[in-house]
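For reference, the structure is listed below as structure tokens.
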Protein chains: 2
Amino acid sequence: MAKKELFGLCPYVTSQKVLTGKWSLYILYILSQETLRFNELQRRMPEEMTHTTLSRQLKTLEEEGLIVRKEYAQIPPKVEYQLSEIGKKFKKVLDVLGEWGEEYICYLNSQKTDC
Amino acid sequence: MAKKELFGLCPYVTSQKVLTGKWSLYILYILSQETLRFNELQRRMPEEMTHTTLSRQLKTLEEEGLIVRKEYAQIPPKVEYQLSEIGKKFKKVLDVLGEWGEEYICYLNSQKTDC
DNA sequence: CCGGATCCCCGAAGATACTG
DNA sequence: CAGTATCTTCGGGGATCCGG
């Protein structure tokens, strides 16, 4: 197998691209819990993340097919974000990754003492 | 809960940092299969990745505690890389993520037809 | 064989201001 | 309310050369 074929073939290289966004995992986690409007979503994000960045990441995730943007034609505007079908399947990854993340945090905090 | 506390607390934000490396997932996957020397590892990576980048990523992953570098005092040098304890626990994530990645690739290829 | 040291480049993230 | 436009900054990745 030629090495170049790894792209578009290897699930890890492909998955990695989705996770490049600095906040993508957290956004997906929040949206896996509940469908949210833009401002609601922003309030649940860390302070350092500006709405500009959030807007961009949401757009990227939408283009990648992981989330769905539902826009209501009304004034004031109302837009809801939720996971798509393939995005919902990502929940399994979030579950396992969340567990590992806690173990990893525990490991970081101990470092030498057992945890 | 203050939002700033998310760092170091939230498993997703923490995990995300580990996965920022462009090839980290693939490296971890390769090393989850077998312990390898530097050049062996490089031969399994996509061509576009230079040894400089591989070296940096390995160093980062080592500093993060996910992999272990074992150096043998001999000429020519021999260095082996393998997963650490917390790195081995990451295998579960790789399994689930690999499955999802394949579904996602399938989704990307179909896009409109069912898969 | 296994890298480190440099330099460059580019894309992603942040800051700020404006809009339907 | 839910964004976009623009500018700047910053860090990671690639290329190249050097060393034990």
Side-chain angles (χ1 to χ4, degrees), chain A residues 3-4 6-7 12-13 15-28 30-31 34-64 66-82, chain B residues 3-4 6-7 12-13 15-28 30-31 34-64 66-82:
Chain A
K3 288 182 176 180
K4 28 185 76 168
L6 280 172
F7 293 97
Y12 300 103
V13 178
S15 301
Q16 184 97 62
K17 291 177 185 170
V18 174
L19 306 179
T20 51
K22 190 173 173 181
W23 310 98
S24 50
L25 270 179
Y26 196 63
I27 293 175
L28 290 173
I30 298 292
L31 289 181
E34 44 181 344
T35 297
L36 288 174
R37 302 176 61 172
F38 186 87
N39 276 0
E40 292 173 331
L41 188 48
Q42 186 182 5
R43 266 179 248 118
R44 282 164 177 77
M45 299 297 293
E47 300 175 333
E48 323 84 58
M49 182 189 209
T50 61
H51 66 117
T52 310
T53 305
L54 177 58
S55 177
R56 248 189 322 235
Q57 301 246 323
L58 286 171
K59 201 174 178 182
T60 303
L61 287 171
E62 189 195 0
E63 288 169 357
E64 292 170 337
L66 286 166
I67 64 176
V68 174
R69 194 186 109 111
K70 200 182 293 179
E71 188 171 356
Y72 297 87
Q74 63 181 49
I75 304 294
K78 178 180 177 182
V79 180
E80 282 183 345
Y81 292 92
Q82 56 182 288
Chain B
K3 287 184 178 180
K4 28 186 76 169
L6 279 172
F7 293 96
Y12 300 103
V13 177
S15 302
Q16 183 96 61
K17 291 176 185 170
V18 175
L19 305 178
T20 50
K22 190 172 173 181
W23 310 98
S24 50
L25 271 179
Y26 195 62
I27 293 175
L28 290 172
I30 298 292
L31 289 180
E34 43 181 346
T35 297
L36 287 173
R37 301 178 60 174
F38 186 87
N39 274 2
E40 293 171 333
L41 187 50
Q42 187 181 7
R43 266 179 248 118
R44 283 164 176 76
M45 299 296 294
E47 300 175 334
E48 323 84 56
M49 183 188 211
T50 62
H51 68 115
T52 310
T53 304
L54 178 57
S55 177
R56 250 189 323 233
Q57 302 247 319
L58 287 171
K59 199 174 178 182
T60 302
L61 288 171
E62 189 196 359
E63 288 169 356
E64 291 170 337
L66 286 166
I67 65 176
V68 174
R69 196 187 111 109
K70 201 183 294 182
E71 188 171 356
Y72 297 86
Q74 63 180 52
I75 304 295
K78 178 180 176 182
V79 181
E80 283 183 344
Y81 293 92
Q82 56 182 289

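Being a predicted model, the structure only gives us computed values, none of them experimental.
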Distances under 3.5 Å only, N/O to N/O: pair up the protein atoms with those of nucleotides 16-20 of chain D.
unit_1, atom_1, unit_2, atom_2, d
D:dT16, O4, B:T52, OG1, 2.7

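Between A:Y26 and A:M45 the shortest heavy-atom distance is CD2-SD, 3.5 Å.
Between B:R37 and C:dC2 there is a side-chain polar atom (N or O) within less than 4.0 angstrom of OP1 or OP2.
The salt bridge (charged side-chain N to carboxylate O under 4.0 Å, His left out) search around A:E34 returns A:R44, not counting sequence neighbours. Scanning for side chain to side chain contact (heavy atoms under 4.5 Å, CB included) contacts around A:Q57 gives A:W23, A:S24, A:I27, A:M49, A:T53, with sequence neighbours left out. Residues satisfying the ring pair (Phe, Tyr, Trp, His ring centres under 6.0 Å) criterion with B:Y81, sequence neighbours excluded, are absent altogether. Taking B:E63 as the reference, B:K59 meet the side chain to side chain contact (heavy atoms under 4.5 Å, CB included) condition, with sequence neighbours excluded.
Atom CG of A:L41 and atom C1' of D:dC1 are 14 Å apart (whole Å). At whole-Å resolution of the value, CE in A:M45 and P in D:dA2 are 16 Å apart. For A:Q74 and C:dG20, the CD to C1' distance is 14 Å, given to the nearest whole Å. Note: CG (A:L19) to P (C:dA13) measures 12 Å, nearest angstrom. D:dG12 atom P lies 14 Å from atom CE of B:M49, rounded to whole Å. Between the NZ atom of A:K17 and the P atom of D:dG13 there is a distance of 14 Å, given to the nearest Å. Atom CD in A:E47 sits about 13 Å away from atom P in C:dG14, given to the nearest Å. Atom-to-atom, CD of B:Q42 to C1' of C:dG4 comes out at 15 Å; the value is rounded to the nearest Å.
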Next item on the list: Check the pair B:Y12 / A:I30 against side-chain contact (heavy atoms from CB on, under 4.5 Å), numbers first and verdict last.
Entry: CA-CA 10 Å; B:Y12 300 103; A:I30 298 292; over 6 Å; no

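Proximity note for A:K22 (side chain, C-beta onward) versus D:dG13, C:dG14, D:dC1: the nearest is C:dG14.
Note that the CG atom of A:L61 and the CG atom of A:L31 stand 8.5 Å from one another [nearest 0.5 Å]. To the nearest 0.5 angstrom, A:T35 atom OG1 is 10.0 Å from A:E40 atom CD.
For the segment residues 53-62 of chain B, residues with any heavy atom less than 4.0 angstrom from an atom of DNA chain C are, sorted by number, B:S55.
Using a distance-only test at 3.5 Å, with no hydrogens or angles considered, no donor-acceptor pair links the side chain of A:S55 to the main chain of A:H51.
Contacts of A:Y81 with the nucleic acid, taken as non-hydrogen atoms under 4.0 Å apart, involve only primed sugar atoms and P, OP1 or OP2.
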